Amino acid sequence: MQHDALSLTSGFSAHDPCYAMPSEFDLIRRYFTHPARSADMAVGDDAALFRTAPDVQLAVTTDTLAAGTHFFHDTPPHDLGWKTLAVNLSDLAAMGATPRWATLALTLPAVDEGWVAAFAKGFFDCAGRYGMELVGGDTTRGPLAMTVTLFGEVPMGQAITRAGGLPGDDLWVSGWPGLAALGLMSLQNRVKLVDADSALAALHRPMPRVEAGEALRGIAHAMIDVSDGLAGDLAHLCERSKLGALLDMGALPLAPLIATGVDESLARQALLAGGDDYELLFSAPPQARDVLAALARTLDLPFTRIGQFTEKAGTILLADGPKVPLRPLDVRGYDHFALPG
Ligand code: ADP
Ligand code: MG
């Protein structure tokens with residue numbers, strides 16, 4: 001990809017070599033090269049090399065964040081580095097996989113070394129937190145975007161798919177879905193939050209539920225990560241499990257949302273139709289309730305039981321609590337799932 005390479009437009013200036021912009025290779029060497037730990041070959045050669053055990057399945061996922069579509073151009077680069085990896089980690093978490101290796105394709109409009117340094121710091125902070133390694137990537141010029149591909153491991157046959165749900169399973173959600181949507185709305189001045197800190201932290205520095213995903217192997221029947229609003233992601237879970245769901249509107253974990261200063265109706269909308277949460281939505285048999293309560297305490301992460309799977313494929317019924325029609329919240333211009341009241 002020589003045409004797009006940053007090095008073509010940087011390189012040394014004949015007049016003042018001190019002002020030379022760092023080349024693509026300088027950036028990779030300075031900011032994206034850490035010594036390989038578990039990989040046999042990481043950054044620096046034509047391809048990365050790593051080994052997986054014979055009784056392990058490789059879980060692979062990729063996601064792109066594009067400026068203007070997934071984040072504002074002025075998002076702090078450290079947060080962006082963190083989030084770029086975190087959103088991908090959430091997909092591995094949702095399979096019950098253990099994250100191991102990542103590649104990063106970075107498209108930059110120009111070389112702003114301070115920006116790259118902060119972005120890389122955020123990326124490696126997240127990689128370190130989740131015990132994974134950057135083993136390769138690509139660096140080119142163009143509209144700001146980053147694509148991460150993640151490789152994770154899961155013991156043979158133990159991945160938790162969207163399709164494994166059984167009628168009568170409880171439905172659970174981790175953490176505080178809806179907070180990130182409120183954070184986005186407050187940045188857009190569409191809502192005034194009394195306390196915006198938790199909402200902005202959820203938006204900028206999501207904590208993918210990797211440990212929870214791993215611990216749910218052998219417990220959860222079906223699982224998905226909540227990235228496009230709980231209602232839409234529940235619909236995906238129902239579709240793949242060929243089931244319906246009864247959603248207990250009175251059980252939704254609204255308290256942390258209401259604590260930011262919004263009313264109950266907006267809190268509910270943010271939770272059901274928001275986005276960017278990266279929580280886990282999963283099903284488990286009712287016999288697992290005690291185990292799940294203990295696990296939530298161990299992980300210091302709430303699991304809220306919000307309903308159950310039903311036989312009637314494709315229908316999501318709302319039980320207990322106000323029967324509100326789920327209008328699309330339209331936080332990011334998505335085609336949000338809309339439910340009848
Ligand atoms: P090639 O032209 O063979 O693709 P590159 O010059 O693109 O090689 O990359 C050189 C090395 O740097 C490769 O190991 C590649 O995986 C790695 N690399 C390039 N960009 C990044 C990045 N943003 N993050 C991590 N590794 C990178
Ligand atoms: Mg390349």
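Note that ligands are numbered from 1 as they come in the structure, with each ligand's atoms numbered from 1 the same way. Side chains are part of it too, since the values below use all heavy atoms of this structure and drop only hydrogens, waters and symmetry mates. Quick caveat, the model's predicted, so the values are computed rather than measured. One is the number of the first residue; the rest follow in order along the sequence.
Atoms of ligand 1 found under 4.0 Å from any heavy atom of L134 (numbered from 1 in listed order, with element): 24 (N), 25 (C). Heavy-atom contacts of D46 reach the following atoms of ligand 1: 3 (O) (cutoff under 4.0 Å). Of all the atoms in ligand 1, the ones that sit under 4.0 Å from a non-hydrogen atom of E24 are 6 (O), 7 (O). Distances below 4.0 Å separate heavy atoms of G136 from the following atoms of ligand 1: 16 (O), 24 (N), 25 (C), 26 (N), 27 (C).
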Using atom types as modelled, flag every donor-acceptor pair under 3.5 Å from a side chain in residues 172-181 to any protein atom, sequence neighbours excluded.
from: S174; atom 1: OG; to: E279; atom 2: OE1; distance (Å): 2.6
from: S174; atom 1: OG; to: L280; atom 2: N; distance (Å): 2.9

Do any side-chain atoms of residues 150-168 form donor-acceptor pairs under 3.5 angstrom with protein atoms, and if so which ones, sequence neighbours left out?
from: E153; atom 1: OE1; to: R100; atom 2: NH1; distance (Å): 2.5
from: T161; atom 1: OG1; to: A163; atom 2: N; distance (Å): 3.1

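Distances between N or O atoms of A42 and those of ligand 1 include no value under 3.5 Å. Taking distance alone, with nitrogen or oxygen atoms compared against 3.5 Å, F25 stays at or beyond that limit from ligand 1.
A donor and an acceptor atom, one from each side chain of S23 and R29, are nowhere located under 3.5 Å apart.
Distance CG/L266 to CG/L271: 11.0 Å, rounded to 0.5 Å.
The six-membered or imidazole ring of H34 lies near that of F124, with a centre-to-centre distance under 6.0 Å. If you look at F303 and F282, their ring centroids are closer than 6.0 Å.
Of the candidates A102, G44, S23, G137, it is G44 that places a heavy atom closest to atom 14 (O) of ligand 1.
Contact annotation for D138 and ligand 1: heavy atoms of both the backbone and the side chain come within less than 4.0 Å of the ligand.
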